[in-house]
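Only one structure is covered here, and it is reproduced in the block below.
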Amino acid sequence: MQAINDFILAAAGQPWVLVLVFACCVIDGFFPPIPSESVVVGLAAVAATADVPNPAFLAATAAAGAFLGDNIAYLIGRRTGTQRWAWMRGPRMQRAFRWAGTELRKRPASLILVARFVPIGRVAVNLTAGATHFPRSRFVGLTVLSAVLWASYSVAIGLFFGQWFEENHLLGVIVAVICAIGLGILVDLVISRLRGTLPEDAEQPVPPAEP
């Protein structure tokens, strides 16, 4: 266990760890299997007692990567629509796209802000925003805010739980990540409940992007 703790501390103190955080957050904006939350929360849990990496730098890096990833997803949606690839055409993703298209017309600001906290939700919303030609300038402004809020939240969760495990960084990382995932699932359940109350016209397909 001490060897694992030493390895975690050594990795967290390396300059390249912030490059890894940035890359994960960018890719996660349009490819949800990349665990950006786990990386950010886990490193913040280590920073709570080891002071590496610097929490402010960690939050800024995560926010920058999240912002870039969300806007790449917007551009992908604008160029390809929401049915180009097989993973987009699955029942769950198509339901998410239809719901996102409806909600973007009704409450775009709150949707974009909240969706950032749900891995599949943010991808669906960002792609749909591009496919439906949601105003680019407004999308950029909202994703700046959502990225900062998400990064601050993720780092805060890690710092809060990490301080309880000063002698066992591995356990601190595990607990912090589990709590962050649990909160994400809770948000997802709330969104799913709201999605279930949509009227029948919400089932209309999202229009494809213009060529």
Side-chain angles (χ1 to χ4, degrees), residues 22-37 40 61-154 183-211:
F22 182 79
C24 286
C25 292
V26 169
I27 298 171
D28 190 28
F30 51 89
F31 188 66
I34 299 298
S36 62
E37 280 94 351
V40 176
T61 301
F67 167 77
L68 182 58
D70 289 349
N71 281 270
I72 289 175
Y74 175 93
L75 293 175
I76 292 173
R78 192 164 186 132
R79 185 174 182 83
T80 69
T82 57
Q83 297 186 356
R84 174 67 62 87
W85 294 294
W87 66 269
M88 291 179 168
R89 295 192 292 268
R92 185 180 182 189
M93 285 304 302
Q94 282 299 305
R95 284 196 299 270
F97 287 136
R98 288 193 293 268
W99 172 78
T102 300
E103 293 299 297
L104 275 170
R105 292 191 295 272
K106 296 193 298 183
R107 50 182 71 87
S110 59
L111 178 67
I112 291 172
L113 292 176
V114 172
R116 168 101 286 273
F117 293 81
V118 183
I120 291 180
R122 63 173 166 256
V123 174
V125 168
N126 295 337
L127 288 171
T128 303
T132 57
H133 291 256
F134 183 81
R136 176 72 185 281
S137 59
R138 191 176 182 193
F139 183 81
V140 168
L142 289 171
T143 50
V144 168
L145 180 57
S146 67
V148 170
L149 290 174
W150 172 81
S152 300
Y153 153 85
S154 299
L183 289 174
I185 291 173
L186 179 61
V187 173
D188 195 19
L189 289 173
V190 172
I191 291 176
S192 296
R193 180 66 60 86
L194 293 174
R195 185 188 308 168
T197 65
L198 290 177
E200 290 298 321
D201 60 4
E203 294 301 314
Q204 297 301 315
V206 176
E210 296 179 1

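Values reported hereafter were calculated over all heavy atoms of this structure, with side chains retained and with hydrogens, waters and symmetry mates removed. Numbers here simply count residues along the sequence, with the first being 1.
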Here the gap from Leu113 atom CG to Leu149 atom CG, rounded to the nearest 0.5 Å, amounts to 6.5 Å
Smallest heavy-atom separation, Asp70 atom then Gly29 atom, equals OD1-CA, 4.0 Å
Side-chain heavy-atom pair Ile112, Leu104 within 4.5 angstrom cut-off:
yes
CZ (Arg116) and CG (Asp28) are apart, to the nearest 0.5 Å, by 6.5 Å
Heavy-atom nearest pair, Val125 first then Ala115, reads CG2-CB, 3.6 Å
In this structure, CZ of Arg105 is separated from OG1 of Thr132 (nearest 0.5 Å) by 8.0 Å
* To do: Check whether any side-chain heavy atom of Val148 lies under 4.5 Å from a side-chain heavy atom of Phe67, and answer yes or no.
  => no
Check: Tyr74 side chain, Val140 main-chain N or O, donor-acceptor pair, under 3.5 Å:
no
| said: Just so I know, are the side chains of Arg79 and Leu75 near enough to count as touching, which here means a heavy-atom distance under 4.5 Å? | reply: no
Of all heavy-atom pairs linking Ala62 and Ala151, the shortest is CB-CB, 3.9 Å
- Going by heavy atoms in the side chains, are Glu37 and Trp150 under 4.5 Å from each other? yes
When every non-hydrogen atom of Leu127 is compared with those of Ala73, the smallest separation belongs to CD2-O, 3.2 Å
Tightest non-hydrogen contact, residues Ala66 and Ala147, listed as CB-CB, 4.0 Å
Output for pair (Asn126 CG, Phe139 CZ), nearest 0.5 Å, gives 4.0 Å
